[in-house]
Amino acid sequence: MRILLVEDDADLSRQMQNGLKIAGYTVDHADNGEDGHFLGDTEPYDAAILDLGLPIMDGASILKKWRRDGRKMPVMILTARDSWTEKVEGLDAGADDYLTKPFVMEELLARLRALIRRSAGQTSPLLEAGPVILDTRNGKVALNGTAIKLTALEFKLLSYMMHHQSKIVSRTELTEHIYAQDFDRDSNTIEVFVNRIRRKLDVPLITTVRGLGYRLEWEDAKD
Ligand code: CA
């Protein structure tokens with residue numbers, strides 16, 4: 001899952017980037033409104049965290065432009081304490097949630113998980129596909145109750161596919177959602193990761209859809 005963070009406070013954005021990365025997210029960061037707007041306009045994100053007070057272009061203007069131009073990713077705005085007008089303006093501009101500064105990282109992460117699973121049409125923090133369960137709260141994956149060890153990239157890929165079960169996802173889409181913008185991407189490595197996940201899970205969960213990509217789906221016994 002790939003997150004856009006638009007925040008101009010250097011210390012706060014460093015802390016947030018660390019916390020997000022530890023939680024298993026890929027993060028692109030912009031420290032001004034212009035760059036933030038551009039990234040959200042051109043790159044696919046699973047969610048954006050948007051400060052409202054920003055240099056060059058303010059957060060509410062960015063959000064209005066994104067929504068007017070059809071950008072649908074869930075957006076959480078960061079607002080000043082006690083400013084109900086900011087919250088109202090931000091929500092009316094198209095925000096899906098808000099968080100008041102100062103906040104604790106755990107709350108940010110919990111709200112982000114909720115935003116991402118809602119936008120993917122999932123209701124539970126536990127993503128299930130037959131014998132495989134991915135717990136989005138702690139990043140743990142289990143097969144028939146036994147923990148499976150995945151690398152950070154394998155986890156990102158599996159998490160994206162578990163959020164988008166039964167849908168065909170292309171290699172390009174997977175590449176875009178697990179690597180940051182400045183990363184030297186190679187969509188051929190996706191197949192390597194998929195094969196490693198298949199070996200580790202050892203159940204028929206991810207099928208290759210020739211020419212299109214992959215589909216993660218648990219076929220019930222009735223088939
Ligand atoms: Ca600010």
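Quick caveat, the model's predicted, so the values are computed rather than measured.
Between F193 and L174, the closest side-chain pair of non-hydrogen atoms is not below 4.5 Å. Side chains of Y214 and V209 form no contact here, defined as non-hydrogen atoms less than 4.5 Å apart. Counting only heavy atoms from C-beta outward, the side chains of D51 and T79 never approach each other to under 4.5 Å. Using a 4.5 Å heavy-atom cutoff, the side chains of M57 and K65 are in contact. P204 places none of its side-chain heavy atoms less than 4.5 Å from the side chain of E219. At a threshold of 4.5 Å between non-hydrogen side-chain atoms, the residues V6 and L54 count as touching. Looking only at side-chain heavy atoms (C-beta outward), L20 and Q17 stay at 4.5 Å or farther from each other. Side-chain contact between R113 and R137 is present, with at least one heavy-atom pair separated by less than 4.5 Å.
Under the 3.5 Å distance criterion, the side-chain polar atoms of R198 are matched with a main-chain donor or acceptor of I206. W66 places a side-chain N or O within 3.5 Å of a backbone atom of H37 that can act as its donor or acceptor partner. In terms of modelled atom types and a separation under 3.5 Å, the side chain of S13 and the main chain of A10 share a donor-acceptor contact. In this structure, the side chain of T175 engages the main chain of R171 through a donor-acceptor pair within 3.5 Å.
Shortest non-hydrogen contact noted between Y160 and M1 is CA-CE, 3.5 Å.
Between atom CE of residue M161 and atom CG of residue L216 there is a gap of 5.0 Å, rounded to the nearest 0.5 Å. With values rounded to the nearest 0.5 angstrom, H29 atom NE2 is found 8.0 Å from D8 atom CG. If you take CZ on R215 and OG1 on T207, they are separated by 5.0 Å, rounding to the nearest 0.5 Å. Interatomic distance, E176 CD to S170 OG, rounded to the nearest 0.5 Å: 7.5 Å. Between atom CG of residue D35 and atom CD1 of residue I56 there is a gap of 6.5 Å, rounded to the nearest 0.5 Å. Expressed to the nearest 0.5 Å, how far CG of D92 lies from CD of E89 amounts to 8.5 Å.
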Could you pull out every donor-acceptor pair under 3.5 Å between side chains of residues 143-154 and any protein atom, sequence neighbours left out?
| unit_1 | atom_1 | unit_2 | atom_2 | d |
| --- | --- | --- | --- | --- |
| T151 | OG1 | E154 | N | 3.2 |
| E154 | OE1 | T151 | N | 3.0 |
| E154 | OE1 | K200 | NZ | 2.7 |

Sequence neighbours excluded and cut-off under 3.5 Å, please list the side-chain donor-acceptor pairs for residues 119-134, or say none.
| unit_1 | atom_1 | unit_2 | atom_2 | d |
| --- | --- | --- | --- | --- |
| S119 | OG | I116 | O | 3.2 |
| Q122 | NE2 | M162 | O | 3.4 |
| Q122 | NE2 | H163 | O | 3.3 |
| S124 | OG | L126 | N | 2.9 |
| S124 | OG | L126 | O | 3.3 |

Below 3.5 Å, can you tabulate the donor-acceptor pairs from side chains in residues 21-28 to any protein atom, sequence neighbours excluded?
| unit_1 | atom_1 | unit_2 | atom_2 | d |
| --- | --- | --- | --- | --- |
| T26 | OG1 | K156 | NZ | 2.8 |
| T26 | OG1 | I178 | O | 2.6 |
| D28 | OD1 | Q181 | N | 2.9 |
| D28 | OD2 | R2 | NE | 3.2 |
| D28 | OD2 | R2 | NH2 | 2.6 |
| D28 | OD2 | Y45 | OH | 2.6 |
| D28 | OD2 | Q181 | N | 3.4 |

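The residues K101 and E7 are annotated as salt-bridged, a charged nitrogen and a carboxylate oxygen being separated by less than 4.0 angstrom.
The 12-atom threshold is exceeded at NZ of K87, counting heavy atoms of other residues, nucleotides or ligands nearer than 6.0 Å.
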Worked verdict on L109 versus E106 for side chain to side chain contact (heavy atoms under 4.5 Å, CB included):
CA-CA 5 Å; L109 293 172; E106 284 74 12; 5.8 Å; no
Is there a side chain to side chain contact (heavy atoms under 4.5 Å, CB included) between L78 and Y98? Walk through the geometry before answering.
CA-CA 6 Å; L78 304 178; Y98 65 85; over 6 Å; no
Report the C-alpha distance between I49 and L108 in whole Å, list the side-chain angles of each, state the deciding distance to 0.1 Å, and finish with yes or no for side chain to side chain contact (heavy atoms under 4.5 Å, CB included).
CA-CA 9 Å; I49 302 166; L108 173 90; 4.0 Å; yes
Step by step, work out the salt bridge (Lys or Arg N to Asp or Glu O under 4.0 Å) result for D96 and R67.
CA-CA 12 Å; D96 299 273; R67 294 313 191 212; 2.9 Å; yes
Trace of the side chain to side chain contact (heavy atoms under 4.5 Å, CB included) decision for L50 with L4:
CA-CA 8 Å; L50 181 65; L4 172 62; over 6 Å; no
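Applying the side chain to side chain contact (heavy atoms under 4.5 Å, CB included) test to F38 and every residue at least two apart in sequence or in another chain returns T42. Applying the salt bridge (charged side-chain N to carboxylate O under 4.0 Å, His left out) criterion to D69, with sequence neighbours excluded, gives no partner residue. For D97, the side chain to side chain contact (heavy atoms under 4.5 Å, CB included) test picks out M76, R111, L115, with sequence neighbours left out.
In the hydrophobic cluster analysis, where Ile, Leu, Val, Met, Phe, Trp and Tyr join through side-chain heavy atoms closer than 4.5 angstrom, I197 is grouped together with V203. Residues I62 and L39 are members of one and the same hydrophobic cluster, defined by side-chain heavy-atom contacts under 4.5 angstrom among Ile, Leu, Val, Met, Phe, Trp and Tyr. When the side chains of ILVMFWY residues are joined at heavy-atom separations under 4.5 Å, either directly or via intervening members, L5 and M105 end up in a single hydrophobic cluster. Note on V169 and V192: separate hydrophobic clusters, where clusters join Ile, Leu, Val, Met, Phe, Trp and Tyr whose side-chain heavy atoms are under 4.5 Å apart, directly or indirectly. The cluster map of Ile, Leu, Val, Met, Phe, Trp and Tyr, joined by side-chain heavy atoms under 4.5 Å apart, puts L157 and I3 in the same cluster.
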